[in-house]
Amino acid sequence: MKKAWLKKTSSKPADFYLHRLYIHASISDLRRRLSCGELTCTEVVSSYLQKIHDQVHLNAFVEVYEKEALEKAKELDARIHQKESWGKLFGVVIGIKDVLCYKGHHVGAASAILKGYTAIYNASAIQRLLDEDAIIIGNLNCDEFAMGSSNENSIHGRVLNAADESRVPGGSSGGSAVAVQANLCMISLGSDTGGSVRQPADFCGIVGMKPGYGRISRYGLLAYASSFDQIGIFSTNIPDLALTLEVIAGPDEFDSTASSHPVPQYTATLESSKKFRIAYFPQCLEHPSLDPEIKTAIEGFMEKMKGLGHSFHAVDFNLLDHIVPTYYVLTTAEASSNLSRYDGVKYGYRTTEKISDLNSLYRKTRSAGFGKEVKKRIMLGTFVLSTGYYDAYYAKAQQVRRLIAESTQQVFKDHDLILMPTTPTPAFRFGEKSHDAIEMFLGDLYTVYANLAGIAGISLPLFKHSNGMPFGLQILSDRLQETQLLQFSQQVMKS
Ligand code: GLN
């Protein structure tokens, strides 16, 4: 699809900003440099815009809000000048996944069915970013309706992994991961229904976190599977992630599933010397699909962390083989219901073919508007919910979900955290799995667990594979225990 924003490429010569390609080590570093006058917001935004244009072939952005971001930067610079107060994310350049509503901007879930649709309100997470003076630089490519693990299901085409352009960035938040990986923005938001933040973070060598279910309001997040969906954050370091979470988390009158618990001060408590009790499931490390190098790296990690005083405990978890089927039965069921609203009447695209009645309007619009993967899941979800099959599939999967959640609670009775791989393999090549749905689904083995149990998870970029690709590991905490998750992550990243 043609990128309309490309026309607006800066008229400055290509190397104009090269001598000022600021690498913003962290949000606190940016803040310090802005406050001592070493940098202006306009310079920061300009340098990111230049990088976005230089790396346009990665296809991370759907749209870049060039003019608007520069205007906002100018406004913030004026506030620096007037010595006005600063929000917590003052001047921080952020990209958002194409499933988050940003008032007055197109939101499309990388789907043809939302063609021409403009958000009429701000998602609560977006509103909170804006309230703290963040600069939103554009919206980011993803798999259609967040369904996928490789970013190969997008109306805007695939996103390339900047570490090896022949490989996938992961999905579904591939654009959000690559935007941070390639330094096209400082922070990005994605959504994680079954791993869509943690898996691309792993494939791209950055940090990606999904908080516990309900920690961040889902108001203004286009729904895929509502009892699984959570907004997540990509960053290059833990303090930036903790600060962003602190800003966007918390109760919300527009989402009754948002937790009413107050948001802890993650940043103030980040540095800790606590020694953690960490569980691991031998079934995860012994799984035949796990790349041996990932297994060795995780075992080495445990040894190293033991040396720092943390303890690791093997816990039997015999539900592993039920995780992926349970996830795909329940999420497709919820998706078939959530996506029924795209009927050609209320949002975006409507068929231009001749129609004879309302049903043919629905049929023609949805047949042309949805892509293959989305249609497959709507049909599967409709099937598992249908009379005669409901008990065998949907009700059964709900029971298994409950067992998974209960056994997870048992684990957290005696342990602070759980350790497991993020993915069975590092980033694979384009096309390698796209013809085998089951193989693609099985790659989600380690990530969908957190969403089934409603708990929090983070992928930390720690290793490099012999094939040259980065990979990480995953740490999980109980649902609203993100403080511990971030504290341990900070210790790991500093060790
Ligand atoms: N890969 C998983 C799926 O396709 C997860 C997607 C997500 O978290 N949005 O359902």
Side-chain angles (χ1 to χ4, degrees), residues 96-100 109-111 140-154 158-159 168-177 188-203 208-213 216 218 221-234 289 323-336 338-339 370-381 384 397 401 422-425 427-428 432-434 436-459 474 476:
I96 59 173
K97 184 175 177 179
D98 190 26
V99 289
L100 286 158
S111 178
L140 296 157
N141 203 347
C142 56
D143 282 303
E144 185 177 0
F145 281 99
M147 296 176 188
S149 310
S150 62
N151 224 131
E152 291 171 294
N153 310 328
S154 164
R158 61 199 196 180
V159 178
V168 303
S172 63
S173 316
S176 301
S188 65
L189 296 190
S191 62
D192 190 313
T193 303
S196 280
V197 169
R198 291 159 289 145
Q199 183 254 26
D202 176 279
F203 282 9
M209 183 203 192
K210 164 220 172 304
Y213 185 78
I216 302 175
R218 292 182 295 109
L221 166 68
L222 302 194
Y224 160 12
S226 311
S227 75
F228 293 73
D229 296 341
Q230 255 303 277
I231 292 173
I233 304 165
F234 292 93
S289 68
I323 280 184
V324 171
T326 305
Y327 170 82
Y328 277 99
V329 168
L330 294 177
T331 53
T332 54
E334 291 191 26
S336 72
N338 274 325
L339 272 60
F370 287 131
K372 230 169 118 188
E373 183 66 25
V374 174
K375 280 184 204 160
K376 188 171 79 191
R377 296 194 191 200
I378 292 175
M379 286 192 271
L380 183 59
V384 300
R401 184 180 196 184
T422 309
T423 59
T425 67
F428 45 91
E432 207 176 305
K433 296 192 183 182
S434 43
D436 187 341
I438 301 292
E439 210 196 323
M440 189 74 95
F441 287 179
L442 287 174
D444 297 334
L445 176 67
Y446 301 118
T447 47
V448 297
Y449 169 62
N451 306 72
L452 280 162
I455 61 178
I458 193 166
S459 182
Q474 187 180 198
L476 305 161

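First listed ligand is number 1; within each ligand, the first listed atom is number 1. Starting from 1, each residue takes its place in the sequence as its number.
Close contacts between ligand 1 and Gly194 involve ligand atoms 5 (C), 7 (C), 8 (O) [criterion: under 4.0 Å to a heavy atom]. Taking every heavy atom of Tyr224 and a limit of under 4.0 angstrom, the matching atoms of ligand 1 come to 3 (C), 9 (N), 10 (O). Residue Ser172 approaches ligand 1 through these ligand atoms, each under 4.0 Å from one of its heavy atoms: 9 (N). Remark: ligand 1 atoms within the under-4.0 Å shell around heavy atoms of Ser149 are 1 (N).
Inclusion of Asp192 in the set of residues having an N or O under 3.5 Å from an N or O of ligand 1 is not warranted. Ligand 1 has no N or O atom lying under 3.5 Å from any N or O atom of Lys97, backbone or side chain. Of the polar atoms of Gly171, none of the N or O atoms is found under 3.5 Å from an N or O of ligand 1, judged by distance alone. Not one N or O of Met147 is nearer than 3.5 Å to an N or O of ligand 1, by distance alone.
Side chains of Ser111 and Glu144: a donor on one and an acceptor on the other come within 3.5 Å. For the residue pair Ser176 and Lys97, no side-chain donor N or O sits within less than 3.5 Å of a side-chain acceptor on the partner.
Residue Ser149 is tested with Thr423, Thr447, Asp444, Asp143 for a side chain to side chain donor-acceptor pair (under 3.5 Å); the sole match is Asp444. Partner of Val159 under the side-chain contact (heavy atoms from CB on, under 4.5 Å) criterion, chosen from Cys142, Ser150, Pro169: Pro169.
Under a 4.0 Å heavy-atom criterion, Arg377 is in contact with ligand 1. At least one heavy atom of Tyr327 sits under 4.0 Å from some atom of ligand 1. For the pair Asp444 and ligand 1, a heavy-atom separation below 4.0 Å is found. Put simply, part of Tyr328 is less than 4.0 Å from ligand 1, judged by heavy atoms.
Considering only heavy atoms from C-beta on, Leu140 comes within 4.5 Å of Ser188 through its side chain.
Ranking the protein heavy atoms by distance from atom 7 (C) of ligand 1 puts Ser196 OG, 2.3 Å first.
Ring orientation note: the planes of Phe428 and Phe203 are nearly perpendicular, at an angle over 60° on the 30°/60° scale.
Under a 3.5 Å cut-off, the side chain of Gln199 and the backbone N or O of Thr422 do not form any donor-acceptor pair. Panel note: side chain Asn338, backbone Tyr224; a donor-acceptor pair is recorded below 3.5 Å.
With a 4.0 Å cut-off on non-hydrogen atoms, Ala146 touches ligand 1 through its backbone as well as its side chain.
Ring pair Tyr327/Phe228: centre-to-centre distance below 6.0 Å.
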